[in-house]
Amino acid sequence: RHAGRRACTLSPMNLPARLFDALLATEASTALRALDATGELTSLVPELEAGRGFVQPELHYYDVLGHNMAAVAALDAALGPGDGNRELREALAWIDLDETLERGIEDVPLLALIRLSALLHDVAKPATAIFEEGRLRFPRHGPRGAELMRERLPALGFGPAATDFVARMIRYHLRPGELIKNGPASDKAVRKFVSDLDGHVLPLMLVNLSDGMATRG
């Protein structure tokens, strides 16, 4: 049994049906690429278009938009059938992963919101890009992306709780690495991490995992 593997034909509230269906497709990354091919994806989320052709530093293989898409593909691989799924589930054996992903926020399945967060996690990189000491950097692209999507998602029909969830995922997607940058995280830092995420630690870790996997594809 895999959460989110059933087709959905009706979207909750006033969400764009094709976007909602793509986020719950068996292979969400393929469905989102199909939406992008028609221009519908960036019509719904214009902020994504700036990432098309926006070349990233050598660590990355893809441009910004390609990396965002690859993050969804990485999430598909980690949660779908195959070795990636087995490895993740063994590592999280103490959690009922299916039950967690089948929960909803304002009638939107958590899996769809995590995939949307992966798609949007670097949406503000083009807007925040600067050259510093000869290197291309993207300072505060997480917080800026969260700000942009707090405006965009309600316009697409997402409610305040679902919007807040995705915005937190975008804002803090680099936080796990920052926590241990200078060694083991303190109890105080961990408690603040949990509080900043409103308790949604597992979804954030899945977005962070997908981001890392998507650097090279």
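Separation of atoms CZ (Arg103) and NE2 (His200) is listed at 9.5 Å; rounding is to 0.5 Å. The line from CG of Leu202 to CG of Leu197 is 11.0 Å long, rounded to the nearest 0.5 Å. For the atom pair CD1 of Ile170 and CG of Leu120, the computed distance is 5.0 Å after rounding to the nearest 0.5 Å. Distance CG/Leu209 to CG/Leu75: 8.0 Å, rounded to 0.5 Å. Taken to the nearest 0.5 Å, the CZ atom of Arg52 stands 11.5 Å off from the CG atom of Asn68. Here CG of Leu204 is found 12.0 Å from CZ of Arg171. Values are rounded to the nearest 0.5 Å.
In this structure, Ala78 and Leu88 approach most closely via the heavy-atom pair O-CD2, 3.6 Å. Nearest heavy-atom pair, Ala214 versus His67, reported as atom, atom and distance to 0.1 Å: O-ND1, 3.1 Å. Of all the heavy atoms in Ala28 and Asp76, the pair that sits closest is N-OD2, 3.1 Å. Nearest heavy atom pair, residue Met205 against residue Phe193, reads SD-CZ, 4.3 Å. In this structure, Pro203 and Phe165 approach most closely via the heavy-atom pair CB-CZ, 3.6 Å. Leu148 approaches Glu47 most closely through the heavy-atom pair CD1-CG, 4.4 Å.
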Decide yes or no on side chain to side chain contact (heavy atoms under 4.5 Å, CB included) for Ile105 and Asp164, but give the supporting numbers first.
CA-CA 10 Å; Ile105 297 177; Asp164 181 69; over 6 Å; no
Apply salt bridge (Lys or Arg N to Asp or Glu O under 4.0 Å) to residues Asp36 and Arg33 and explain how you reach the verdict.
CA-CA 5 Å; Asp36 183 49; Arg33 289 182 188 281; over 6 Å; no
Let's go through Met69 and Leu32 carefully: what are the C-alpha distance in whole Å and the side-chain angles of both, what is the deciding distance for side chain to side chain contact (heavy atoms under 4.5 Å, CB included) to 0.1 Å, and is it a yes or a no?
CA-CA 8 Å; Met69 291 286 198; Leu32 289 168; 4.2 Å; yes
Decide salt bridge (Lys or Arg N to Asp or Glu O under 4.0 Å) for Glu147 and Arg144; before the verdict, give the C-alpha distance in whole Å, the side-chain angles of both, and the deciding distance to 0.1 Å.
CA-CA 5 Å; Glu147 292 172 0; Arg144 179 57 182 148; 3.0 Å; yes
Could you please spell out the steps behind the side chain to side chain contact (heavy atoms under 4.5 Å, CB included) verdict for Val108 and Phe20?
CA-CA 9 Å; Val108 183; Phe20 185 76; 4.1 Å; yes
Pair Met149-Val45, side chain to side chain contact (heavy atoms under 4.5 Å, CB included): steps then yes or no:
CA-CA 9 Å; Met149 292 304 105; Val45 188; 4.2 Å; yes
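Enclosure of atom CD in Glu178 by more than 12 non-hydrogen atoms of other residues, nucleotides or ligands within 6.0 angstrom is indicated. Within 6.0 Å of CZ on Arg140 lie no more than 12 heavy atoms contributed by other residues, nucleotides or ligands. Atom CD1 of Ile180 sits in a sparse spot, with 12 or fewer heavy atoms from other residues, nucleotides or ligands closer than 6.0 Å.
Although no hydrogens or angles enter the test, the distance criterion places no donor-acceptor pair under 3.5 Å between the side chain of His121 and the main chain of Met169. For Glu106 (side chain) and Ala161 (main-chain N/O), a donor-acceptor pair under 3.5 Å exists by modelled atom type. With hydrogens and angles ignored, the 3.5 Å screen pairs a side-chain donor or acceptor of Asn85 with a backbone N or O of Leu79. Side chain of Asp122 to main chain of Lys125: no donor-acceptor pair is present (N/O by atom type, distance under 3.5 Å, no hydrogens or angles). Checking side-chain atoms of Ser43 against main-chain N and O of Gly39 turns up no donor-acceptor pair under 3.5 Å.
Put simply, the residue from Leu92, Ile95, Leu111 that forms a side chain to side chain contact (heavy atoms under 4.5 Å, CB included) with Thr100 is Ile95.
When side chains are defined from C-beta on, Leu19 does not count as touching Leu15, because their heavy atoms never get closer than 4.5 Å. By the 4.5 Å heavy-atom criterion applied to side chains, Phe158 and Leu116 are counted as neighbours. The shortest side-chain heavy-atom distance between Val72 and Ser210 does not fall under the 4.5 Å cut-off.
Other members of a hydrophobic cluster containing Leu174 are absent, since no ILVMFWY side chain comes under 4.5 Å of it, directly or through relayed contacts.
Here Arg89 pairs with Asp98 in a salt bridge; the nearest charged N to carboxylate O distance falls below 4.0 Å. Ionic pairing of Asp196 and Arg175 is present here: one or more N-O contacts between side-chain nitrogen and carboxylate oxygen are shorter than 4.0 angstrom. With respect to Arg18 and Asp21, no salt bridge is recorded, no charged nitrogen being found less than 4.0 Å from a carboxylate O.
Residues His173 and His141 place their aromatic rings such that the two centres sit under 6.0 Å apart.
Under a hydrophobic-cluster definition in which Ile, Leu, Val, Met, Phe, Trp and Tyr are linked whenever side-chain heavy atoms come within less than 4.5 Å, directly or via other members, Tyr62 and Val123 are assigned to different clusters. Side-chain heavy atoms closer than 4.5 Å link hydrophobic residues (I, L, V, M, F, W, Y) into clusters, and following such links, possibly through other members, connects Val64 to Phe131.
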